[in-house]
Enquirer: 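Structure in structure tokens, see below.
Labels below follow one simple rule: chain letters A, B, ... track the order of the sequence lines, proteins then strands, and each chain is numbered from 1.
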Amino acid sequence: MPELPEVEVVRRGLERWAGGRTVAGAQVLHPRAVRRHVAGAADFEARLRGRRFGPARRRGKYLWLPLDGGDSLVAHLGMSGQLRIQPAGTADEKHLRVRITFEDPAAGELRFVDQRTFGGLSLHPDAADTDCAIPDVLAHIARDPLDPAFDEAAFHAALRRSRTTLKRALLDQSLISGVGNIYADEALWRAKLHYERPTATLNRPRTLELLGHIRDVMHAALAEGGTSFDSLYVNVNGESGYFGRSLDAYGREDEPCRRCGTPMRRRPWMNRSSYYCPRCQPPPRPRRQKPKK
DNA sequence: ACGTTTTCCTGAGCGC
DNA sequence: TGCGCTCAGGAAAACG
């Protein structure tokens, strides 16, 4: 389950191993892996041939490689996606979905491997109305907290304006991108905030503190060289990262809170789970709807 | 227009 | 041994 730091590691790997190279051919082995390329697998393959990759870019968990001529190859790893550079002739992975070969085959081929096929590749033109070059399909994705241009004031204003709850807001890609279930729980634990706290109750310093914790937990992951929760994630060099040792909240049901020792809790939340410390992160007092007599 | 729910997909893990 | 069930996850479509 790659989160933003893992995706950043993949970006760096793509930049080093695919940037500047020219595509010899592309082979789609599973149509679902290119389902977001609406013109279809054959079109995807045809339009990649002969194109040269520019420097790899990222926003949130989306990756893209600009192509000479204007479009970009957009990638999302989903839950189980991997991008790997493999020597030509290496046995196909069981869940190999797309293979991209280059005009300099000695430097290896690019493979998209994805067991659960939530991820995928597609080609898109750049958005016309943005100051920075970004594929049109990503124009609605907010900047991520590691982006120097992330607008903290606008994020705080959005929290104040909205009537939603904290974790929902953290996972809302139009407000802030790149925060997944794991790091949302980690950052909320660090900030001692409950996941169902109404966003409008945060004052500015509290919002900034929460953003600081999000960045801290992501930087910590990056410092470990890109991390992951299980072996499904592999970076472009085929090395798997692991951040499990550093998790303070996610997956720690019934284990003692590392701050106060209280057993951590897990609660069902939006068809998944939220982990929190009931003492450090007390639930918000239910808003009184109508004063009962 | 907004917030919420459902959907997509596969394999690991579990109870029986 | 194997069946059927639950769970995991991001993001977009569908729903209210």
Enquirer: The side chain of A:His95 lies closest to which of these nucleotides: B:dT10, C:dA8, C:dA11?
Expert: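 Selected nucleotide: B:dT10.
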Enquirer: What is the distance, to the nearest angstrom, from the CD1 atom on A:Ile176 to the C1' atom on C:dG10?
Expert: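 Going from A:Ile176 (CD1) to C:dG10 (C1'), I get 15 Å.
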Enquirer: I need the A:Arg197 CZ to A:Gln281 CD distance, nearest 0.5 Å.
Expert: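 Those atoms lie 11.5 Å apart.
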Enquirer: Starting at NZ of A:Lys167 and ending at C1' of C:dA11, how long is that distance when rounded to a whole Å?
Expert: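 Interatomic distance, NZ of A:Lys167 to C1' of C:dA11: 16 Å.
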Enquirer: At under 4.0 Å, does any side-chain N or O of A:Ser162 touch on OP1 or OP2 of B:dG3?
Expert: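 Yes, such a contact exists.
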Enquirer: What's the CZ-C1' distance between A:Arg272 and B:dT5, to the nearest Å?
Expert: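 For the pair A:Arg272 CZ and B:dT5 C1', the rounded distance is 12 Å.
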Enquirer: So if I take every side-chain heavy atom of A:Asn181 and compare against B:dT10, C:dG10, C:dA11, which nucleotide ends up nearest?
Expert: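 The answer is C:dG10.
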Enquirer: If you check every side-chain atom of A:His76, which of B:dT4, C:dG10, B:dC9 has the closest atom?
Expert: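 Nearest listed nucleotide: C:dG10.
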Enquirer: By nearest heavy atom, map A:Ile141 and A:Phe118 onto DNA chain C; which one lands nearer the 5' end?
Expert: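 Its nearest nucleotide being more 5', the pick is A:Phe118.
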Enquirer: OP1 or OP2 of C:dA8 versus the side-chain N and O atoms of A:Ser273: is any pair under 4.0 Å?
Expert: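 Result: yes.
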Enquirer: From the options C:dA12, B:dT4, C:dG10, select the nucleotide whose nearest atom is closest to the side chain of A:Tyr62.
Expert: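 Within the option list, the nearest is C:dA12.
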Enquirer: Could you state the atom-to-atom distance from NE2 of A:His140 to P of C:dG10 in whole Å?
Expert: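 That distance rounds to 15 Å.
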Enquirer: Give the nucleotide from the list B:dG3, C:dA8, C:dA11 with an atom nearest to the side chain of A:Arg36.
Expert: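 Comparing B:dG3, C:dA8, C:dA11 against the side chain of A:Arg36, the answer is C:dA11.
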Enquirer: In whole Å, I'd like the distance from the CD atom of A:Gln115 to the P atom of B:dC9.
Expert: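 Taking CD of A:Gln115 and P of B:dC9, I get 14 Å after rounding.
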Enquirer: How is A:Arg161 classified with respect to the nucleic acid when contacts are heavy atoms under 4.0 Å: base, sugar-phosphate, or nothing?
Expert: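 The answer is nothing, as A:Arg161 stays clear of every strand by at least 4.0 Å.
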Enquirer: Sequence neighbours left out, what passes ring pair (Phe, Tyr, Trp, His ring centres under 6.0 Å) with A:His124? Give chain and number order.
Expert: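 Result, ring pair (Phe, Tyr, Trp, His ring centres under 6.0 Å) vs A:His124: none returned.
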Enquirer: A:Glu152 and A:His156: side-chain contact (heavy atoms from CB on, under 4.5 Å), yes or no, with the steps?
Expert: CA-CA 6 Å; A:Glu152 299 187 335; A:His156 181 248; over 6 Å; no
Enquirer: In whole angstroms, how far is the P atom of B:dC2 from the CZ atom of A:Arg168?
Expert: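 Atom CZ in A:Arg168 sits about 16 Å away from atom P in B:dC2.
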Enquirer: Nearest nucleotide by nearest heavy atom, which residue falls closer to the 5' end of DNA chain B, A:Thr117 or A:Thr164?
Expert: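 The residue whose closest nucleotide sits nearer the 5' end is A:Thr164.
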Enquirer: Which part of the nucleic acid, if any, lies within contact of A:Arg32, taking any heavy atom under 4.0 Å across all strands shown: a base, the sugar-phosphate backbone alone, or nothing?
Expert: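 Sugar-phosphate: the residue A:Arg32, judged by heavy atoms under 4.0 Å, touches backbone atoms but no base.
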Enquirer: Would you sort out whether A:Lys167 and A:Ser274 count as a side-chain contact (heavy atoms from CB on, under 4.5 Å), showing the intermediate values?
Expert: CA-CA 9 Å; A:Lys167 190 163 164 182; A:Ser274 277; 2.6 Å; yes
Enquirer: Among side-chain atoms of A:Gln82 and A:Glu93, is any donor-acceptor pair under 3.5 angstrom?
Expert: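 A:Gln82 vs A:Glu93: no donor-acceptor pair found between side chains.
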Enquirer: Whole-Å distance between C:dA8 C1' and A:Met270 CE?
Expert: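 A:Met270 atom CE is separated from C:dA8 atom C1' by 14 Å.
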Enquirer: Could you tell me the separation between the CG atom of A:Asp114 and the P atom of C:dA8, rounded to a whole number of Å?
Expert: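 These atoms are roughly 19 Å apart.
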Enquirer: Would you kindly check whether a donor in the side chain of A:Arg116 faces an acceptor in the base of C:dG10, or vice versa, at under 3.5 angstrom?
Expert: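 For A:Arg116, whose side chain was compared with the base of C:dG10, there is no donor-acceptor pair (under 3.5 Å).
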